[in-house]
Chemist: 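The structure under discussion is supplied below as C-alpha cells; questions concerning it will follow.
Heavy atoms only: backbone and side chains are in, while hydrogens, waters and symmetry mates are out. Worth saying up front: this structure is predicted, and the values here are computed from it rather than measured.
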Amino acid sequence: MKVLVTGFEPFGGEKVNPALEAIKGLPAEIHGAEVRWLEVPTVFHKSAQVLEEEMNRYQPDFVFCIGQAGGRSSLTPERVAINQDDARIPDNDGNQPIDLSIRQDGASAYFSSLPIKAIVQAIKKEGLPASVSNTAGTFVCNHLMYQALYLVEKKFPHVKAGFMHIPYMME
C-alpha cells in the first residue's frame with residue numbers, strides 16, 4: 001500500500017507552515033504502508049499540477065492533503081470540497097480568484113473518500129483534539145482537496161483521497 005501525504009509551503013508572509021513541518025517528520029513506512037510526503041506550492045492551479053505529477057509517478061493508493069487553519073484548535077478532517085475559488089488574500093504567485101469554478105467539467109462538490117469519522121476517533125484515542133469539519137474554505141486548501149478528488153474521479157478511481165486542517169504552530 002502506498003500513501004502520499006501533501007503539505008503546503010509557507011504563505012501569507014509566514015516563515016513556516018505547520019502542515020509542511022508536520023509531514024516532514026513522517027517515517028517512510030507506517031504499519032506496512034509506504035509513505036511519501038510532498039511539498040506543494042500555495043498557488044491555486046500549480047498545487048494541483050504538482051499533485052497530479054506526483055500521483056502519476058508514485059501511483060498511490062491514498063492521498064492525504066494537509067493544510068493549516070487559523071482559528072482552529074484541533075485536527076479537522078474535511079468532509080467536502082466545493083468547486084469554487086474565492087480568495088480573501090492572494091496565493092504565493094499573487095493570484096486572487098473571486099467566485100471562480102475550479103473545474104468546468106467537475107461536480108459542484110466532492111466528498112472525502114477517506115473515513116473521516118474513524119480518523120477523528122483514532123486521533124482522539126491518541127489524546128489529541130479532533131473533529132469533522134464541513135468546510136475546507138475557499139482558498140488553496142479547498143482548491144487542492146477538490147482537485148485531488150476530481151483526479152480520483154477522472155483518472156485514479158482506485159485512489160482514496162481527502163484533506164485535513166491542522167492548527168497554527170506556536171511560532
Chemist: With rounding to the nearest 0.5 Å, note down the distance linking NZ in K160 to CG in L114.
Modeler: 8.5 Å
Chemist: Run the side-chain contact (heavy atoms from CB on, under 4.5 Å) check on L51 and L4 step by step: do they pass?
Modeler: CA-CA 9 Å; L51 175 63; L4 177 61; 3.9 Å; yes
Chemist: Identify the heavy atoms of V80 and A109 that sit nearest to each other, and give their distance.
Modeler: CG2-CB, 3.7 Å
Chemist: Could you tell me how the ring of F44 sits relative to the ring of H143: parallel (under 30°), tilted (30 to 60°) or perpendicular (over 60°)?
Modeler: perpendicular
Chemist: Check the surroundings of atom CZ in R88: do more than 12 heavy atoms from other residues, nucleotides or ligands lie under 6.0 Å from it?
Modeler: no
Chemist: Return the CG to CD1 distance between D85 and I102, rounded to the nearest 0.5 Å.
Modeler: 4.0 Å
Chemist: Evaluate the side-chain proximity of C141 to F8: yes if any heavy-atom separation is below 4.5 Å, no if none is.
Modeler: yes
Chemist: If you compare all heavy atoms of V3 against all heavy atoms of A33, which two are closest, and at what distance to 0.1 Å?
Modeler: CG2-CB, 4.2 Å
Chemist: Within the side chain of N92, is there an N or O that forms a donor-acceptor pair under 3.5 Å with the backbone of P10?
Modeler: yes
Chemist: Report yes or no: does N142 contribute a side-chain atom to a donor-acceptor pair with the main-chain N or O of Q84 at less than 3.5 Å?
Modeler: yes
Chemist: How long is the span from the CZ atom in R103 to the CD atom in Q147, to the nearest 0.5 Å?
Modeler: 4.5 Å
Chemist: Closest approach of S131 and S74, non-hydrogen atoms and distance?
Modeler: OG-OG, 3.7 Å
Chemist: Would the distance check show the side chain of E9 and the main-chain N or O of T42 forming a donor-acceptor pair, the cut-off being under 3.5 Å?
Modeler: yes
Chemist: Using only atom types and a distance under 3.5 Å, with no angle test, would you say the side chain of N17 pairs donor to acceptor with the backbone of A19?
Modeler: yes
Chemist: Please say yes or no: joined through hydrophobic side-chain contacts below 4.5 Å, possibly via intermediate residues, are F11 and V40 part of one cluster?
Modeler: yes
Chemist: Of the non-hydrogen atoms in S133 and T135, which two are nearest, and what is the gap between them?
Modeler: OG-O, 3.1 Å
Chemist: Membership question, hydrophobic clusters at under 4.5 Å side-chain separation (ILVMFWY): are W37 and M1 in the same one?
Modeler: yes
Chemist: Do I123 and I166 belong to the same hydrophobic cluster, where Ile, Leu, Val, Met, Phe, Trp and Tyr are linked whenever their side-chain heavy atoms lie under 4.5 Å apart, directly or via other members?
Modeler: yes
Chemist: Determine the minimum heavy-atom distance between T6 and I23, stating which atoms define it.
Modeler: C-CD1, 3.5 Å
Chemist: Quick one: CD on Q104 to CG on N83, what's the gap to the nearest 0.5 Å?
Modeler: 7.5 Å
Chemist: For Y110 and M145, indicate whether the former's side chain and the latter's backbone hold a donor-acceptor pair under 3.5 Å.
Modeler: no
Chemist: In sequence, state the C-alpha distance, the side-chain angles, and the governing distance for Y150 and E52, and then conclude on side chain to side chain donor-acceptor pair (under 3.5 Å).
Modeler: CA-CA 10 Å; Y150 173 91; E52 183 174 6; over 6 Å; no
Chemist: If you round to the nearest 0.5 Å, how far is CD1 of I119 from OG1 of T76?
Modeler: 11.5 Å
Chemist: Hey, is the main chain of A87 close enough, under 3.5 Å, to the side chain of Q96 for a donor-acceptor pair?
Modeler: yes
Chemist: To the nearest 0.5 Å, what is the distance between CG (L38) and CD1 (I66)?
Modeler: 12.0 Å
Chemist: Over all heavy atoms of both residues, which pair between L149 and A161 is shortest? Give the atoms and the distance, please.
Modeler: CD2-O, 3.4 Å
Chemist: Tell me whether Y58 shares a hydrophobic cluster with V159, the cluster being built from Ile, Leu, Val, Met, Phe, Trp, Tyr side chains joined at under 4.5 Å.
Modeler: yes
Chemist: So, do F163 and F64 have ring centers that fall under 6.0 Å from each other?
Modeler: no
Chemist: So if you build clusters from Ile, Leu, Val, Met, Phe, Trp, Tyr with side-chain heavy-atom gaps below 4.5 Å, do M55 and V50 land together?
Modeler: yes
Chemist: Are more than 12 heavy atoms from other residues, nucleotides or ligands located less than 6.0 Å from atom NZ of K155?
Modeler: yes
